[in-house]
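Here the structure is laid out as C-alpha cells; the discussion comes afterwards.
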Amino acid sequence: MKRLAGMFWALLFLAVPVLGVATFAVAPSINVWLPKDVSAHGHEIDSLFYFILALTGVVFVATEVLLFWFMWKYDASVREGEKATYIHGSHTLEVVWTIIPAATLLFLAIYQMNAWANVKMRRPDMPPTVEVVARQFEWRLRYPGNDGLLGTPDDLHLVNDLTLPVDEEVLVQLKSMDVLHSFFLPNLRIKQDAVPGMKIPVWFKGTETGSWDIVCAELCGWGHYKMKGRITFVTRPEFDAWLERKTAEQNSTQPVAEVTGEIVAN
Amino acid sequence: MSTVTVPTTTDHGHAPVKKTGSLSTFISTYVFSKDHKVIGLQFLFSTLLWFLIGGLLALAVRWQVAWPWSDVPVVGKLFAQEGGQMAPEFYTMLFTMHATVMIFLVIIPILAGAFGNFLIPLMIGADDMAFPTLNMLSYWFMWPAFIAFGASFFVEGGAAAGGWTSYPPLSTNVASAPGSGWGQTLWLIGLTFVGVSSMLGSVNYMTTIILMRAPGMTMFRLPMTIWAMFITAVLQAFALPVLTAAGFMQLADRMFATGFFSPEGNIVNNAVPGPGGGQPLLWQHLFWFYSHPAVYIMILPAMGMVSDILTCFARKPLFGYRPMVYSIAGIAGLGFIVWGHHMFMSGMNPALGITFMVSTMMIALPSAVKTFNWLGTVWGGKIQFTTAMLFALSFVSMFIIGGLSGIFMAATPVDIFIHDTYFIVAHFHYVLFAGTAMGVWAAIYFWYPKMFGRTMNEFWGKVHFFLTFLFLNGTFFTMHILGAVGFPRRLADAYHYQTFHHLQPMNAFMTYCAIGMVATQIIFAINFFWSMFFGPVADRNPWNANGLEWTAPSPPGHGNFDFQPVVYRGPYEYSVPGVDDKDHLMQTDPPNAAAAAAAAASH
Ligand code: HEM
Ligand SMILES: [Cu+2]
Ligand SMILES: [Cu+2]
C-alpha cells in the first residue's frame, strides 16, 4: 500500500515532463504557436527561440526525469532495513555542474548579441519612413510627404492604418504623446516601448504583402486592450500610388495649414 | 567564526503569561505581543487572509480574460455598471491589485514576517528576537498598509490601476486613468508602510542571527532556512531604501507636480501638461533596482525551508551545504546587477541591454547549482512521502520550469517577441506560485506541529497537494504556449485581434483550472483550522528532524526553550552510520564517538 502510494507520487511527477513536452509538441498543430513571420530579421529571432527551446527542453526533461526516478527508486517503503546514503556532497560534481552551465549560459548570451544588434543597434542610415505617435488609445501616423521631411506642411496624417512598402528597409520614428505604450508587431517580431519625451527609431523589412496586427503591449490605461492598428505591406508602385491618393484626399478635405503643427511638438 | 551569545533576559518589558486572564494581559499576550512566535502567527493569519482576497481578485481577472464582457457570476452585481459585466478600467484595477496584494501583502510578509519571525529564534536557539519591540512594530506597521490598500477599493475612481509596476506617467498623471487618482496615492502610501515593516524586520533578523545564536551554533552550522532568511534580510536592507525614495518621488510628482518622471509637453487626455523636466525611465530603473532583488526576497526563504524539509524526509544530509550557501549569496549579489532585464524594450540604451543580458544569464547559474544539489539530496535517500515532502518536491520540479523560462527572456532578441506576453506571466507564476507558494505550504505542513502543538491531517493534506498541483499546471503551463503566440498580458479583451482571436477556448480552460485551484484551498482552510483543535497532538519532534526548534516544546512557551540548547553539529546529520538506535542526530545530541568518526571520514 505504501509502495503503491510512492509509485503514484513518482508517476505524478513524471507527468510533468511528459505532459510538458506534449504541450509544446501539440501546440503548433493547434495553431497556438509563433505567428507567421513576415519580416527579414524574424527568422533569426525564431531560430534563437528554437535553439533555447531545445537546450532548455533537454535540461527540463533530464532533471524532471531524474527527480521522478529518485522518487521511484528511493521510496522508504522499498528500503526497509536500509539507511539512506550518508553523503554530504561531492566536490567533483559541484565543479562539473557549475562549469558546464556557466559555459553554456555565457555562450548563450554571446550567441544572442548579433541578432539583438541587428534589431536594436545597427540603425540604417536613412530618414524616417514614417513617424508613429502613440496616444491613448490610438496610433497616429505621419508620413513625410514629397519633400521627404517630417514637420513640413506636406506631411500626411493618418490614424491606425500603417501602410508600408514591402521588401524595403523602413525606419519608424516612435514617439508617445501621453503615457507609455508599446509598438508590438507580432508578425514582424518587433516590440518597442513608446516613451513620452523620447524619439526611438525602429526599423524592419516586410517580406510579404498583406496586412497584420499592431498591438499595444504596454499598459496605457483603461482602453489599452483596444489600441489596435493594422500594418499593411504593399509593393513599391502601389505604395507610391497610395501615398499620392491619401495626400490628395487630405488636401481636399482640410486646408494644409490646419493640419501641420497639430500633432505634438517635438 | 566564533559564536557570540548575548545575555538576554526573558523579560522583554512585559510579564510572562499570567494566569489572571485580565484584559491587559490578553492584549499584551495576543495583540501587542512582543513574542516572536505570536508575531509570526499574526503575520501568518493576516497574510493567509490576504491570500484569499488576492486569489478572488485573480479569479475575477481570469473571468474577464476567458469570457470578456460576460456577466460576472455572484459578485457581478456589486460593481457592475449595467447588468453584471465589468468595465475595462475595472479589469485594469483587478490585475493591478491582484499582483499588489500577492506580492506586498502575501508573499513578502508570509516568508519574512510569518516564517522568519517564527523560525529564526527557534532554529538558532535564542529565546526571542534581538529587538522585540521593533518586531511588534513591524507587524503593526502592516496595518496602515492593509488599510490603505483595502480602502483604495472604495475611493472615487477605484484602486490603483497602473499595474503593480506603477509606471509613470500613467501612475503620476491623475488624468490618465480613473485609478490614478486617490487609488494611486493610497497605493503609494501602502507601499511605504510595507517597506517600513520589512525594514524593521530586516534589521532585527540580521542582528538576531549574528548575535544570538546558541553556543556551538557557528554560521556554517545554521540550517538553510536561516541562511536564506539572513541573506534575504540583507537584500531587503540594501534594496528597500531605493524603492521608498522612488515612491516618495512619485508621490511628490502627483501632489506637488515635481515632474521627476514626466517629460516636458506631456499631454495626457487633453489635460494641461505638467512642468516636465523628468524621465519616465528613471522610475523603471529605481523600481526594478528594488523589485528585481525583491523577486529573490520572494523565493530565497522558500528555498531555504524546502532544503530543510527535503533533507528531513529524504533522511539524508543536504547535498553540498556550502555550495548551497554560496549560491544563495551569489543570487543575492548578482541580483543587484540584473534589474535592466525588465527594461529591454523600454527605450533604454540597447548596448546596456547586452550587459544586463549577460548578468541575467549568469544568475541562472546559482539557480541551477541549487537545483542540482536538491536532486543530489533526494538521490540515495529514504523518502517519506508526507504532505510537506510532496510540496517540497514539487517546489523543485516547478522551480526548474520557472528558471528555464527565465533564460528565454534573458535572451534579448527572444524577449523582443515574448516581453509583456503570457510567457512572462507563466514565468513568474512558476517561480512565485508553483515555487514559493508551494514552498510555503510545505513549510506550513512541516512546522504546523511546532506552531500549534497538533499535526495537520495527512490524508486531506495530500488531497490538497494533488489537486493544487494538477490545477496549477493546468492554469500556468498553458500560458507558455499562449506567450509563444504573443498573447499580450493586461488586455481586457484580445480576441478582436486577428492574431489572437482563436485563443479563447484555451483561456477558458485555464480559467476552469484556476477556479479549481482556488476551490481546492477550501480543503486546506478546513484542515488548517480543524487540526488546530482536533488534530493529533504532536510531541516535540514529530518528524524526527534535527533542528533546534524540534527540541523545544510544541508549541514552545514564552522564552522558547526549557533548557539551554548547545549545538554540536550541523542540522543535516541524518542516517549517520554507527548510530544504531535512531537514524538521525539532532544538533543538540551530545557527541557520540562512532558518529563523529563516521562524519569525519565522509568529509
Ligand atoms: C533563473 C533565474 C531567472 C531568470 C534568468 C529570470 C529572468 C527574467 C527576465 C529576463 C524577466 C523579464 C521579462 C520581460 O519583462 O520580458 C523576468 C521577469 C520576472 N521574473 Fe524572473 N528570472 C529568474 C528567476 C526568477 C525568480 C526566482 C523569480 C521570483 C521568485 C522571478 C520573478 C519574476 C517576475 C515577478 C517577473 C515579472 C515582473 C513583471 O514584469 O511584472 N524570476 N525574469
Ligand atoms: Cu496600451
Ligand atoms: Cu528581474
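Because only heavy atoms are used, hydrogens play no part in the values below, and waters and symmetry mates are left out as well, while side chains stay in. Just so it is clear: chains get the letters A, B, ... in the order the sequence lines come, proteins before strands, and each one is counted from 1. It should be emphasised that the depicted structure is a prediction, and the values quoted were computed from it without experimental measurement.
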Notebook entry, point to check: Quick one: which residues of residues 41-48 of chain A reach chain B at under 4.5 angstrom, heavy atoms only?
Noted result: Ile45(A), Leu48(A)
Next item on the list: Identify which part of Val215(A) has an atom lying under 4.5 Å from any heavy atom of chain B, answering side chain, backbone, both or neither.
Entry: both
Check: What part of Phe261(B) lies closer than 4.5 angstrom to a heavy atom of chain A: side chain, backbone, both or neither?
Finding: neither
Checklist line | Leading residue by heavy atom contact count with chain B [cutoff under 4.5 Å; candidates Ser182(A), Gly20(A), Pro17(A)] | finding: Gly20(A)
Margin query: I want to check something: taking the side chain as every heavy atom from C-beta on, are Asn266(B) and Val179(A) in contact at a cut-off of under 4.5 Å?
Written below: no
Item checked: Straight-line distance of Leu365(B) CG to Ile100(A) CD1, nearest 0.5 Å -> 11.5 Å
Notebook entry, point to check: Do the ring centers of Tyr497(B) and Tyr225(A) come within less than 6.0 Å of each other?
Noted result: no
Next item on the list: Below 4.5 Å from any heavy atom of chain A, which atoms of His496(B) appear? Answer side chain, backbone, both or neither.
Entry: both
Notebook entry, point to check: For Glu264(B), is it the side chain, the backbone, both, or neither that has a heavy atom closer than 4.5 Å to a heavy atom of chain A?
Noted result: neither
Notebook entry, point to check: Under a 4.5 Å heavy-atom cut-off, does chain B meet the side chain of Leu219(A), its backbone, both or neither?
Noted result: both
Margin query: Between Phe469(B) and chain A, with a heavy-atom cut-off of 4.5 Å, which part of the residue counts as in contact: side chain, backbone, both or neither?
Written below: side chain
Notebook entry, point to check: Given that the side chain runs from C-beta out, which part of Ala314(B) has a heavy atom under 4.5 Å from chain A: side chain, backbone, both or neither?
Noted result: backbone
Item checked: Heavy-atom contact with chain B under 4.5 Å, split by part of Phe184(A) -> side chain
Next item on the list: Examine whether an atom of Ser90(A) lies under 4.5 Å from a heavy atom of chain B, and if so say whether it belongs to the side chain, the backbone or both; otherwise answer neither.
Entry: both
Notebook entry, point to check: Is there a donor in the side chain of His224(A) and an acceptor in the side chain of Glu89(B), or the other way round, less than 3.5 Å apart?
Noted result: no
Checklist line | Residue part contacting chain B, namely of Ala5(A), when any heavy atom lies under 4.5 Å | finding: neither
Check: With a 4.5 angstrom heavy-atom cut-off, which part of Val32(A) approaches chain B: side chain, backbone, both or neither?
Finding: both
Checklist line | Residue, of Phe344(B), Phe466(B), Phe500(B), Phe313(B), that accumulates the most heavy atom pairs under 4.5 Å with chain A | finding: Phe466(B)
